[in-house]
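Encoded as structure tokens, the structure appears first; notes follow it.
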Amino acid sequence: MVTGASSGIGYELAILCAKDGFDLLVVADDPKIEEAAKQFQNYGVEVHAVQADLATREGVDKFYNTAQGRQVDLLLANAGHGLGGGFLDQDFDQIRHVIDTNITGTIYLIQKVGKEMRRRKEGRILITGSVAGFTPGTYSAVYNGTKAFIDSFSFALRAELKNEDSNVTVTCLMPGATETEFFERAGMEDTKVGQEEKDDPADVAKVGYEAMMNGEGDVVSGFKNKVMTTVASVTPAGMLAEQHRKKAEPGSGRDN
Ligand SMILES: NC(=O)c1ccc[n+]([C@@H]2O[C@H](COP(=O)([O-])OP(=O)(O)OC[C@H]3O[C@@H](n4cnc5c(N)ncnc54)[C@H](OP(=O)(O)O)[C@@H]3O)[C@@H](O)[C@H]2O)c1
């Protein structure tokens with residue numbers, strides 16, 4: 001099961017699963033998921049594509065029910081999106097959609113699939129968190145908050161499952177800025193981070209996929225991001241918030 005497989009990191013994760021011979025159940029909110037599914041079929045695996053809004057319980061149920069009780073070996077909970085701009089100027093429905101996709105829908109699906117994995121004592125879960133979870137996200141406050149939740153949640157669930165003596169592993173992939181549709185969708189194209197050079201989503205996905213298959217707890221993709229997260233863990237939050245302002249403030253991009 002791969003969520004958010006129509007583009008970016010999720011698309012590349014689905015390709016890696018297909019290359020390893022896993023049948024795929026993929027989901028996104030847009031009809032583009034059907035085109036992506038055709039690409040995945042080229043690897044000779046069975047592919048089912050679902051169009052659903054994972055910000056809603058109905059959307060998650062629709063996706064989950066498509067599995068029709070089939071064993072889920074891998075769950076790659078990757079779907080998510082950002083929202084740039086000042087918090088007080090953001091539309092609350094959009095804020096809510098970020099939280100409901102990145103947190104509520106994500107953990108609702110993980111709970112459903114995780115219960116089955118626990119029963120079988122077998123399974124791998126990869127959650128796409130972010131290095132954003134290490135930093136208060138000035139001009140991306142809600143998004144960074146959702147990723148702080150996800151990074152934290154992932155470690156806690158992993159520890160709970162370890163205690164239950166199961167072979168179910170939980171891995172958190174924490175990418176840095178990656179060249180996907182993310183910044184355009186978040187309305188952050190005019191920001192410094194939106195315009196700077198970013199990591200290749202295929203490289204990021206490979207790092208995450210391998211960490212999941214090895215049962216690792218977490219992986220930060222890219223050397224620069226590893227340094228950033230190490231430094232962030234000993235930097236005062238107020239200083240991190242000011243650093244984030246420089247790269248995420250609307251109009252902070254080089255071309256502006
Ligand atoms: N790009 C970065 O710099 C970066 C850095 C760190 C972490 N991440 C995380 O990486 C993950 C993948 O993002 P990406 O960078 O690959 O961006 P992307 O190219 O925009 O891909 C996001 C995927 O998630 C799906 N999605 C978003 N909201 C959804 C919803 N409510 N219901 C169903 N599907 C939904 C999108 O499908 P639809 O188009 O159909 O909505 C798309 O398939 C996200 O969790 C993001 O937070 C990204």
Side-chain angles (χ1 to χ4, degrees), residues 1-52 54 60 63-64 66-81 106 109-110 112-114 116-117 120-131 150 154 158 161 167-182 198-223 225-226:
M1 280 182 150
V2 187
T3 73
S6 64
S7 66
I9 299 167
Y11 178 87
E12 300 295 342
L13 285 170
I15 297 239
L16 292 168
C17 295
K19 277 185 178 168
D20 270 356
F22 289 100
D23 292 334
L24 289 175
L25 185 55
V26 292
V27 60
D29 193 21
D30 185 283
K32 236 177 87 181
I33 191 64
E34 298 292 345
E35 288 166 41
K38 285 192 190 123
Q39 299 301 317
F40 306 147
Q41 274 160 359
N42 290 333
Y43 294 90
V45 297
E46 200 180 305
V47 183
H48 291 280
V50 177
Q51 203 184 320
L54 298 176
V60 175
F63 176 55
Y64 177 78
T66 312
Q68 293 181 322
R70 259 185 89 169
Q71 178 175 313
V72 180
D73 296 315
L74 311 176
L75 168 62
L76 295 88
N78 161 83
H81 68 97
T106 298
L109 179 64
I110 290 171
K112 280 173 163 283
V113 178
E116 283 174 35
M117 288 181 171
R120 293 198 331 265
K121 292 184 178 283
E122 201 68 58
R124 299 201 183 281
I125 301 174
L126 179 70
I127 314 178
T128 307
S130 175
V131 299
I150 287 297
S154 176
R158 178 182 172 84
L161 286 166
N167 288 322
V168 182
T169 59
V170 182
T171 303
C172 188
L173 166 62
M174 295 184 267
T178 306
E179 199 58 66
T180 67
E181 297 177 13
F182 179 89
K198 300 182 196 46
D199 296 334
D200 181 335
D203 294 342
V204 172
K206 188 163 181 285
V207 165
Y209 185 80
E210 284 173 358
M212 172 186 68
M213 291 314 247
N214 291 331
E216 291 165 27
D218 68 317
V219 64
V220 175
S221 52
F223 178 72
N225 299 320
K226 283 191 171 69

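Please read all numbers here as calculations on a predicted model, not as lab measurements.
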Look up atom [atom1] in [X] and atom [atom2] in [Y], then write down how far apart they are to the nearest 0.5 Å.
X    : Y    : atom1 : atom2 : result
F63  : Q51  : CZ    : CD    : 13.0 Å
E210 : L173 : CD    : CG    : 11.5 Å
L74  : Y209 : CG    : OH    : 6.0 Å
I125 : L75  : CD1   : CG    : 5.5 Å
M213 : T171 : CE    : OG1   : 10.5 Å
R70  : E116 : CZ    : CD    : 12.5 Å

Any idea which heavy atoms bring [X] and [Y] closest together, and the distance?
X    : Y    : result
V2   : C17  : CG2-SG, 4.3 Å
G123 : M117 : CA-SD, 3.8 Å
I33  : A5   : CD1-C, 3.8 Å
R158 : G215 : NH2-O, 2.9 Å
L24  : A14  : CD1-O, 3.7 Å
S7   : K32  : CB-NZ, 3.8 Å

Is the side chain of [X] donor-acceptor paired with the backbone N or O of [Y] at a distance under 3.5 Å, no angle test?
X    : Y    : result
T178 : T180 : no
N225 : V220 : no
N214 : E216 : no
S130 : M174 : no
T3   : A79  : yes

Test item: [X] and [Y] side chains (from C-beta on) under 4.5 Å apart, heavy atoms:
X    : Y    : answer
I9   : P175 : yes
L54  : V27  : yes
S221 : D203 : no

(request) Take F22 and V45 through the test side-chain contact (heavy atoms from CB on, under 4.5 Å) and record every step on the way to the result. (result) CA-CA 7 Å; F22 289 100; V45 297; 5.9 Å; no

(message) One pair to check against side-chain contact (heavy atoms from CB on, under 4.5 Å): T169 and M212. What are the steps and the verdict?
(response) CA-CA 8 Å; T169 59; M212 172 186 68; 5.6 Å; no

(request) Salt-bridge test for K38 and E34: reply yes if a basic N is under 4.0 Å from a carboxylate O, no otherwise. (result) no

(message) Would you say NZ of K206 has more than 12 non-hydrogen atoms from neighbouring residues, nucleotides or ligands within 6.0 angstrom?
(response) no

(request) Take L126 and N78 through the side-chain contact (heavy atoms from CB on, under 4.5 Å) test and state the conclusion after the steps. (result) CA-CA 8 Å; L126 179 70; N78 161 83; over 6 Å; no

